[in-house]
Structure formats: C-alpha cells, structure tokens
Amino acid sequence: MDKRTTSLKRAEQTAGGIAERLLSWYERNKRRLPWRNTADPYAIWLSEIMLQQTQVEAVIPHYRRFLERFPTLEDLARSPLEEVLKAWENMGYYSRARNLHAASRRIVDLHAGRLPENPDELKALPGIGPYTSGAILSMAFGKAVPAVDGNVKRVLCRLFAVDSPLSDGATQRFITALAEKLVPAERPGPFNSALMELGALLCRPGIPQCPDCPLRSNCLGYAGNCQNRLPVAGKKAKRPDKEAGAAILRDSKGRFFIVRRPADGFLGGLWKFPGGMLHPGETVTDALKSRCREELGISISVKDHLMTLQQFYSHFRLTLHVFSGTIQEGGPLSPAAGNRLWASPADIRKYPFSRVELRILDALFI
DNA sequence: AAAGCGGGGGG
DNA sequence: CCCCCAGCTTT
C-alpha cells in the first residue's frame, strides 16, 4: 500500500486518542491569550489576520489597541483606510490591513455585517486563505475543519515522519489531508489551537522537547529518532542588497514634505519622505534629484547628510541614506495634492509610516 | 511553482 | 549570519 495512504489510515485510527490526549494537555498548559477569551467572530478573525507570519507576543499589544480603536466590524468598515493603517503601524505586511478593511466593507454590504459560515464565502474575502478560513470556521463557528499553519505542518511532519520537502505542494496537500483525519467533531476549535500550541511550546523548530510531549507515543518521528531533522525545508531565496535615498524637505514653518506610497505596492498606503532607489552607478544626490523629478515633478537641492539606516525586509536588505534638502521649484502640492502634503512636527505622527520612517523621526526627535 | 510582501525574536 | 513566525496574493 502507498506510504501516504498508510499514514492517512493510521491518522484515522489514532485520531480519537490523539485528540483526547492533546486536548487534555492543552487545558493544562495553554497560554492565556486575549483572543482565547472571546466568542466574537470579528475579534477571532482579527486575531488570525494579525497572527499571519507574526509571533504571538508581537501581536498581543496591537490586538488590544486595534480592538479598542475598532470595537466592532461596523466600526472598522466605516473608518477610513488611513486610520486602519495607523493602527497597523509597525506590524508589517500592510496588505493584511488593507484586505481586512476591504473585507469588512464587503461583509457589511454582502453579508449583513456577519462573517459567513461557509468556507467558499470566507475564502472569497480578501486576506482569508485556507488557514484563516479553517481557523475562523473551527474557532468561531465550531465546524470540524482543520487549520493548518506553520506549527501544524511541523507537528504533523514529525508525528507521521513526513520526509518530503514542505515547500512541495503535494506535501502540503498531504499534511492537510492528515489534519482533516485528526480534527474531531467535538471541540474542533480547541483541537486546532492545541495542535498549534504544541508546535509553539514543545514541538518547536530545531530540537523539540519530546519528553514532555503528550503525543510522543504516537510520534513516528520520535520512534525513528528523526524528529530533529523534520520537517525537510525547501531552498531559500537569497536577499539582495539595495540602496535608496530619502530627502527631508522642510518649509519656512518647519513642516515636513511627505508623500503617500501607491495603494497596492510595497508598504502600500503608508507615507514616506520623498526619494527612492539608487540606480546602478548613481550618487545619492543624483538619485534624490532624479526620483523627486520623476515621481513628484519637483526640483530639489540636496544639502547635508543626516544619517544612514539599514532596514531588513522580507526579500531584500535596504541601506537608506537620509539627506536634508530644499525645494527649488515646482509647487509640491499640485497636481496630485491627495498624495503629498506638508506635515507639521506636531501632526506628522498622525500619519501612518513604516518602520524606517519612524526610525528617521525618532532620530530627528520629532 | 515561485515571488512579493514587514518586522521582530532567537540561535 | 541564519532561521522562523497562527499565510495570502499575484504572476
């Protein structure tokens, strides 16, 4: 019989015992997390979006602040995107905020303000994929569907000694099939949370804490002493180095000239200081003048070097040279006035910025 | 299937 | 330096 078929059969046969021991362990060892105290589908949805590729400890303060600022789905839907991005500031992956906002409006318009309870309608909402759909359905609506995140993939790879690369689509489908066999009809939400909690607390990347594991007797990885080598990762992409310039342009009143980034691109919708990437062989001064000319239609002169910052992003590493400067000609507020403005030191932190701009403001004591 | 998309924690 | 993190969307 096919190896994966055997594993699926094994999953089906052992599912009951696994769920029982895992849930028992979970009740005794689970962390107290803010989103575990609510039954509000909106709050659960919000937590799952925030937790995408983001560690629990980093999410907690943002989650509390966000719910305080937008207590209900309706509050979120009727607020401007700018305020949602401000609440998302410093969390990264800002498309999550844009999608959350867009989805909230769609839910109000098409679903009477309530999150839909079927997978197809959920996954049709922007920002909700297979994992988040499963998490909402099981945790908010009690449906017996899996929620397969990075933790669950790692746990199941070890539990069933899956040694094919996780980057492979077929492996991912197989893991999901295993999870479907395991998720119980009773308490599917806590079961999914428990599987993730096991991955976060014991079955961690690298060397897992097998002696404490409630599923050790079921674990084929432990039995074969290959748990430390699983899961098998795919190949990783190298991050290129990039260089950019930013110009701090102030008017006679001391206000800062800031520009809003395009809505759907890198750090989309957030504000920045004018400037951009250096082309090969270009000096910072030339790049600043050219990018301001090309993107804003303004002519600037570049004065003093203020600072140089390094910022790491998911797919490249940026060195950002920050210079002061002045606007020579070209009315900065026309024609695209909606995407550029003068911000006073008292007002500037009301606009959403990414991490690197916040570091510049900090360094300038603004 | 691969790339684009942030920021932070930990080894 | 590396890895990983309660992933999704676009190409």
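Below, chains carry the letters A, B, ... as their sequence lines are ordered, and counting in each starts from 1. The basis for the numbers below is simple: all heavy atoms, side chains too, and nothing from hydrogens, waters or symmetry mates.
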Of all the choices, [options], which nucleotide is nearest to the side chain of [X] once you look at every atom?
X	options	value
A:T132	B:dG7, C:dC8, C:dC5	C:dC8
A:Q53	C:dG7, B:dG8, B:dG4	C:dG7
A:R154	C:dC5, C:dA6, C:dC4	C:dC5
A:Y93	B:dG4, B:dG7, C:dG7	C:dG7
A:F312	C:dC1, C:dA6, C:dC4	C:dC1
A:R96	C:dA6, B:dG6, C:dC5	B:dG6
A:Q52	C:dG7, C:dA6, B:dC5	C:dG7
A:E48	C:dA6, B:dG7, C:dC4	C:dA6
A:S314	C:dG7, B:dG8, B:dG6	B:dG6

Handout entry: Close aromatic pair by centroid cut-off 6.0 Å: A:Y313 and A:F266
Key = yes
Exercise for the section: Please confirm whether A:F256 and A:W342 have ring centers closer than 6.0 angstrom. Expected result: no
Nucleotide [N], atom [atom2] - distance to [atom1] of [X] in whole Å:
X	N	atom1	atom2	answer
A:L195	C:dC5	CG	P	14 Å
A:D264	C:dT10	CG	C1'	11 Å
A:L201	C:dC4	CG	P	19 Å
A:F316	B:dG4	CZ	C1'	10 Å
A:L166	B:dA2	CG	P	14 Å
A:L51	B:dG8	CG	P	16 Å
A:I49	B:dC5	CD1	C1'	15 Å
A:L122	C:dC8	CG	P	12 Å

Between [M] and [N] - [atom1] atom distance, rounded Å:
N	M	atom1	answer
C:dC5	B:dA1	C1'	22 Å
C:dA6	B:dG11	P	15 Å
B:dC5	C:dC1	C1'	22 Å
B:dG8	C:dT9	P	24 Å
B:dG9	C:dC8	P	24 Å

Hey, does [X] reach any base, or is it just sugar-phosphate, or nothing, if we go heavy atoms under 4.0 Å?
X	answer
A:W35	base
A:L125	sugar-phosphate
A:M50	nothing
A:V152	nothing

Between [X] and [N], does any side-chain N or O lie under 4.0 Å from OP1 or OP2?
X	N	result
A:Y94	B:dG7	yes
A:K153	C:dG7	no
A:R239	B:dG4	no
A:N90	B:dG8	yes

Completion exercise
Across all chains, not counting sequence neighbours, the side-chain contact (heavy atoms from CB on, under 4.5 Å) partners of A:Q172 are A:K153
Handout entry: Check: A:F353 main-chain N/O paired with A:E89 side-chain donor or acceptor under 3.5 Å
Key =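 Yes: the side chain of A:E89 pairs with the backbone of A:F353.
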Handout entry: Flag, side chain of A:R204 to backbone of A:P208, donor-acceptor distance under 3.5 Å
Key =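 Not at all, since once roles are kept as given, no pair shorter than 3.5 Å links the two residues.
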Fill in the blank from the handout: Closest to the 5' end of DNA chain B, once A:D168 and A:H315 are matched to their nearest nucleotides, is A:D168
Practice task
Take A:P126 and A:Q55, find for each the nucleotide of DNA chain C with the closest heavy atom, and name the residue whose nucleotide sits nearer the 5' end.
Solution key: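 Mapping each residue to its closest nucleotide by heavy atoms, the 5'-most match is A:Q55.
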Problem - Qualifying side-chain hydrogen bond (donor to acceptor under 3.5 Å, both in side chains) pairs with a residue from residues 351-363 of chain A, counting only residues at least two apart or across chains - result: A:R261-A:E357, A:Q311-A:R359, A:R349-A:D362, A:S354-A:E357
Exercise for the section: Tell me, yes or no, whether the heavy-atom count around A:R255 atom CZ, taken from other residues, nucleotides or ligands under 6.0 Å, exceeds 12. Expected result: yes
Practice task
Indicate if A:V162 and A:L182 have the same hydrophobic cluster label, given that clusters are the connected sets of ILVMFWY residues with side-chain heavy-atom separations under 4.5 angstrom.
Solution key: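 Yes; tracing contacts between hydrophobic side chains, which count when under 4.5 Å, links both residues.
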Handout entry: Ring-face cation contact, A:F174 with A:R4, 6.0 Å cut, 45° max
Key = yes
Problem - Any side-chain donor near an acceptor of the partner, A:R106 and A:H101, under 3.5 Å - result: no
Problem - Residues from residues 352-360 of chain A lying under 4.0 Å of DNA chain B - heavy atoms - result: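 Going residue by residue through residues 352-360 of chain A, the ones with a heavy atom under 4.0 Å of DNA chain B turn out to be A:S354, A:R355.
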Handout entry: Counter-base of B:dA2, judged by Watson-Crick or G-U geometry with both distances under 3.5 Å
Key =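 Because both required distances fall under 3.5 Å, B:dA2 counts as paired with C:dT10.
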